[in-house]
Amino acid sequence: MEEKTEHVKCLIIGSGPAGYTAAIYAARADMKPVMYQGLQPGGQLTITTEVENFPGYPKGTMGPEMMEDFKAQAERFGTDIRWGLATSVDFTGPMHKVVIDEKTTITADSVIIATGASAKWLGLESEQKLNGFGVSACAVCDGFFFKGQDVAIVGAGDTAAEEATYLAKLCRKVYMIVRRDEMRASKSMQHRVKNTANIEVLYNSTTKEILGDKTVEGALIVNDKGEERTLTITGFFVAIGHHPNTDIFKGWLDMDETGYLSTVPGTSKTNIPGVFASGDAQDKTYRQAVTAAGSGCMAALDAERYLADKGIH
Ligand code: NDP
């Protein structure tokens, strides 16, 4: 049910470091960018605490504050920032169509995709049922609610290791559920986990069920020998990686088997002229705020050149 149509020169989908950086460059180049922020305005950095590795902040900064700064800078040059989620696209013609919230159609000369990535889940019914009632994919956001309590975290990458040590500072006990006999996390992160007295790592273990009716009361774990164990916990954290938010582009844009958008190496160009991809939606290797910002800049410059070549002013 499409209601309205509006034409823009440059449409930016997503509002993380990639989207805002694209907006800053596009606005300064007079491309009059319109940005739709998506489900999580500010992106993944809004659910982190301190950021210490973004250049220019020698004392570090807080993720949500940093994204407010990005936004203010994009607005300063005239970016039209709006609430709304891109729900479908039609890249058949030279004029690219993007539908927002299933009702508003935007036609755009150029589109910059900066839709980022989202947390993965185990896929258990109990996980879905108790999501927000003890089940969380963000220890930094929700750890505080479990102060002094016993919790579990699933995963064995750097995120899980980092979040386990974060939780260990707040909680009485942290079970770390690792599906293999070793962790994927960097040696230094593993070292921190192993040297934290109140973290117990359960190797070769998977979660059969998260227990509890209205809130989390436990987790049923099974190891590779088939032995079951019930953990008595009130919080269950999932830290098993992310997947790119690119579902709406399936069938239109080239992507790899895990959904990361393909770009011409060294550029932000997708297989559709005038459609550019930036940030975590196309980067499964680096996934850093600063690399996302850099690729957002590339996308805006590529879009600017594309419009100039087409004679669109
Ligand atoms: P990763 O993809 O690196 O790790 C995911 C982990 O989850 C793996 O250990 C994997 O197990 C496990 N896993 C996946 N699916 C399941 C499942 N269904 N059940 C149980 N376990 C599962 O994701 P991260 O989010 O940890 O990290 C992403 C990237 O960000 C990495 O490159 C990482 O280095 C980086 N990063 C860096 C940080 C830093 O430097 N401070 C902090 C956080 C992230 P298995 O190992 O068996 O595949």
Side-chain angles (χ1 to χ4, degrees), residues 16-18 40 43-55 57 60-63 66 116-128 131 135-143 151-169 174-194 196 199-210 219-224 228-229 231 233 236-245 256-260 279-293 295:
Q40 191 176 40
Q44 294 180 77
L45 277 175
T46 59
I47 55 166
T48 58
T49 50
E50 204 161 4
V51 180
E52 293 185 324
N53 54 9
F54 200 90
Y57 294 89
T61 183
M62 302 305 281
M66 189 165 96
S118 303
K120 279 187 191 165
W121 297 97
L122 294 174
L124 298 170
E125 215 174 290
S126 49
E127 172 189 55
Q128 215 179 343
N131 195 343
V135 172
S136 164
C138 179
V140 173
C141 321
D142 301 324
V151 300
I153 183 162
V154 183
D158 280 324
T159 304
E162 199 171 75
E163 296 198 342
T165 48
Y166 175 84
L167 289 168
K169 287 187 201 133
V174 179
Y175 297 98
M176 187 167 174
I177 306 164
V178 174
R179 67 178 173 184
R180 290 187 292 132
D181 59 356
E182 59 173 4
M183 289 188 215
R184 179 186 294 271
S186 58
K187 289 282 175 262
S188 63
M189 289 305 300
Q190 289 192 36
H191 190 71
R192 277 176 65 184
V193 167
K194 287 169 189 166
T196 304
I199 300 178
E200 182 179 338
V201 183
L202 307 171
Y203 290 101
N204 296 310
S205 298
T206 53
T207 310
K208 221 168 156 183
E209 213 60 73
I210 303 164
L220 183 60
I221 308 300
V222 61
N223 68 15
D224 55 345
E228 291 187 348
R229 176 175 172 186
L231 307 177
I233 49 164
F236 187 90
F237 292 87
V238 181
I240 59 170
H242 291 81
H243 64 82
N245 300 321
D256 73 6
E257 66 289 352
T258 49
Y260 285 91
D280 284 12
Q282 54 83 55
D283 172 19
K284 66 188 215 182
T285 311
Y286 301 106
R287 296 187 277 197
Q288 299 301 300
V290 69
T291 50
S295 73

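All heavy atoms count here, side chains included; hydrogens, waters and symmetry mates do not. All ligand and atom numbering here is 1-based and tracks the order in the structure.
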**OP:** Tell me which protein heavy atom sits closest to atom 36 (N) of ligand 1, plus the residue, atom name and distance to 0.1 Å.
**Re:** Asp158 CB, 3.6 Å
**OP:** Compute the shortest N/O to N/O distance between Glu162 and ligand 1 and return yes if it is under 3.5 Å, no if not.
**Re:** yes
Original post:
Under 3.5 Å, N or O to N or O, is Thr285 touching ligand 1 that way?
Top reply: no
Original post:
Between Phe236 and Ile177, what is the shortest heavy-atom contact and its length?
Top reply: CE1-CD1, 4.1 Å
Subject >> Residue Arg287 vicinity, atoms of ligand 1 by number, heavy atom under 4.0 Å >> reply: 28 (C), 29 (C), 31 (C), 32 (O)
Original post:
Which of the listed options, Glu182, Arg184, Met183, holds the heavy atom that is closest to atom 4 (O) of ligand 1?
Top reply: Arg184
Original post:
Counting from 1, what ligand 1 atoms have a heavy atom of Leu122 closer than 4.0 Å?
Top reply: 17 (C), 18 (N), 19 (N)
**OP:** Give a yes or no on whether the backbone of Arg192 and the side-chain of Thr196 come within a donor-acceptor separation of less than 3.5 Å.
**Re:** yes
**OP:** Please indicate whether any nitrogen or oxygen in Ala156 is less than 3.5 Å from any nitrogen or oxygen in ligand 1.
**Re:** yes
Subject >> Under 4.0 Å to a heavy atom of Thr159 - the qualifying atoms of ligand 1, by number >> reply: 24 (P), 25 (O), 26 (O), 27 (O), 43 (C), 44 (C)
Subject >> Numbered atoms of ligand 1 (with element) below 4.0 Å of Val154, judged on heavy atoms >> reply: 20 (C)
**OP:** Specify the protein heavy atom at minimum distance from atom 7 (O) of ligand 1: its residue, its atom name, and the distance to 0.1 Å.
**Re:** Ile240 CA, 3.3 Å
Original post:
Just going by heavy-atom distances, which of Arg179, Lys284, Lys120 is nearest to atom 14 (C) of ligand 1?
Top reply: Arg179
Original post:
With atoms numbered from 1 as shown, which atoms in ligand 1 lie under 4.0 angstrom from a non-hydrogen atom of Arg180?
Top reply: 45 (P), 46 (O), 47 (O)
Original post:
Ignoring hydrogens and geometry, is there a side-chain-to-backbone donor-acceptor pair from Gln282 to Gly279 under 3.5 Å?
Top reply: yes
Original post:
So, the side chain of Ser205 versus the backbone of Tyr203: is there a donor-acceptor pair under 3.5 Å, distance only?
Top reply: yes
Original post:
Do any N or O atoms from the side chain of Gln288 and from the backbone of Tyr286 form a donor-acceptor pair under 3.5 angstrom?
Top reply: yes
Original post:
Under 4.0 Å between a Lys/Arg side-chain N and an Asp/Glu carboxylate O for Glu200 and Arg229?
Top reply: yes
Original post:
Does some non-hydrogen atom of the protein lie less than 4.0 angstrom from atom 40 (O) of ligand 1?
Top reply: no
Original post:
Considering all heavy atoms of both residues, which atom of Pro17 and which atom of Ala289 are nearest to each other, and what is their separation?
Top reply: CB-O, 3.6 Å
Subject >> Side chain to side chain, Thr258 and Lys284, heavy atoms closer than 4.5 Å >> reply: yes
Original post:
Quick one: nearest non-hydrogen protein atom to atom 23 (O) of ligand 1, plus distance?
Top reply: Gly241 CA, 3.7 Å
**OP:** Using a distance threshold of 4.0 Å (strictly less than), state whether atom 30 (O) of ligand 1 has a protein heavy-atom neighbour.
**Re:** no
Subject >> Under the side-chain hydrogen bond (donor to acceptor under 3.5 Å, both in side chains) test, residues paired with Glu228 that sit two or more places apart >> reply: Lys208
**OP:** Examine distances only and state if a side-chain atom of Glu127 and a backbone atom of Gly123 form a donor-acceptor pair shorter than 3.5 Å.
**Re:** yes
